[in-house]
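One structure is given here, and the rest of the page talks about it.
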Amino acid sequence: MLFPWNNNTDSRNHAKSRLKLIIAHDRASINPDMMEAMREEILDVVARYVEVDREEMQFSLSNDQRMTSLTANLPIRQIKRIGDLQEQLKENKSINLQKIEVVEFDQEAETNAKSK
Amino acid sequence: MSRIIVVTSGKGGVGKTTTTSNLGAALAKQNRSVALIDADFGLRNLDLLLGLEERVVYTAIDVLAGECRLAQALVKDKRLKGLVLLPAAQNRNKESVNPEQMKKIATALAKGYDYILIDCPAGIELGFRNAISAANEALIVTTPEVAAVRDADRVIGLLEAEGVNKISLIVNRVKPLMVEENKMMSVEDVLELLGVPLIGVVPDDEKVIVATNKGEPLVLGEYESVPAQAYSNIARRLEGEKVPFLDLMANQGNLLSRLRRMFGG
């Protein structure tokens with residue numbers, strides 16, 4: 001850059017990135033409180049199965065053309081063992097016990113598929 | 001079949017009325033019959049930009065009240081055969097018309113004209129809903145500014161929800177030099193954000209103000225200025241012609257800006 005006073009004028013990209021964010025929010029018409037509530041709920045569900053690194057996770061709405069998408073980046077510390085899971089699920093009465101079997105079945109199917 | 005097109009933007013002051021008057025004149029110049037409807041009840045201005053304000057006798061409200069026939073309320077443009085204006089009432093507010101009534105008027109006009117262009121008021125309330133009620137296409141006017149682009153996006157969402165799916169974008173008041181210096185969003189930036197097809201780019205130009213002062217659409221000027229050409233091109237694209245977009249940088253060659261560009265400013 002030859003003229004340093006031209007350096008501080010990239011308001012174009014500033015405008016663009018601000019708009020990207022605000023438009024994504026407008027399109028999804030989700031207010032910050034709702035977004036936070038949704039984040040907590042999703043995390044609760046995910047935390048039953050895996051241990052998530054809450055500090056490193058990212059949660060955002062983004063848009064591309066006329067599609068808005070929710071992106072959640074949840075780094076996993078550890079995957080829970082099925083025994084722990086069953087106990088946890090038994091404690092939580094709001095969860096249908098049938099779902100445990102589904103989980104077990106899926107995992108078995110997966111290991112079977114891998115061994116083949 | 002005639003086309004009913006609403007010109008809208010959400011935000012006020014981005015050039016809806018200027019666009020409507022120029023596109024109407026450009027289409028009429030291309031031998032199309034065009035009826036312009038001013039849907040901005042209480043704040044009508046389309047008559048003023050067209051220079052027809054002194055010839056307004058009846059308005060859309062009078063037609064709806066049965067005080068005159070539709071044909072009587074239409075103001076014919078003497079400069080252009082085939083261009084007429086249906087004025088809005090100035091002494092009423094937007095609540096004096098409802099979407100059903102607007103639809104009735106536009107559909108009735110559609111029988112006699114190739115194009116019905118509806119100049120939409122700013123905002124997204126009743127006036128907006130009135131203006132879009134009859135439309136099967138929309139032209140979104142925006143400028144490369146954050147507020148205008150955000151509002152445009154909102155309006156596009158509302159139009160899609162109403163089933164108006166043929167939506168094209170006009171980016172108005174582009175300043176090519178500012179874009180080059182990264183001080184203004186480019187047309188491509190706006191397109192990327194809004195995600196609707198582009199139909200026109202109009203540069204920011206003093207001639208637009210001069211033309212409105214005179215009540216004469218730019219496209220009627222004696223020699224064709226750049227913005228006039230931009231409007232004519234939009235009219236041709238509406239007709240289905242493939243017209244390349246203007247190179248707005250071509251006219252921006254004063255010495256200072258060239259030097260600045262040369263030295264990586």
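All of these numbers come straight from a predicted model, not from anything done at the bench. Chain A is the first sequence line, chain B the second, and so forth, proteins listed ahead of strands; every chain is numbered from 1.
Put simply, the side chain of B:Lys183 does not reach to within 4.5 Å of the side chain of A:Asp10, judged on heavy atoms.
The line from CG of A:Asp26 to CZ of B:Arg150 is 4.0 Å long, rounded to the nearest 0.5 Å. Distance check, rounded to the nearest 0.5 Å: CZ of A:Arg27 to CD1 of B:Ile156 gives 7.5 Å. Once rounded to the nearest 0.5 Å, the distance linking CG of B:Asp153 with CG of A:Leu19 reads 9.0 Å. We find the CD1-CG distance between A:Ile23 and B:Leu193 to be 5.0 Å, quoted to the nearest 0.5 Å.
Within a 6.0 Å radius of CD in B:Glu206, other residues, nucleotides and ligands contribute 12 heavy atoms or fewer. Around the CD atom of A:Glu40, the shell of radius 6.0 Å holds more than 12 heavy atoms that belong to other residues, nucleotides or ligands.
Taking a cutoff of 4.0 Å between a charged side-chain nitrogen and a carboxylate oxygen, B:Glu181 and A:Arg12 do not qualify as a salt bridge.
No other option in B:Met184, B:Glu145, B:Arg154 has as many heavy-atom pairs under 4.5 Å with chain A as B:Met184.
Both the backbone and the side chain of B:Val179 come within less than 4.5 Å of a heavy atom of chain A.
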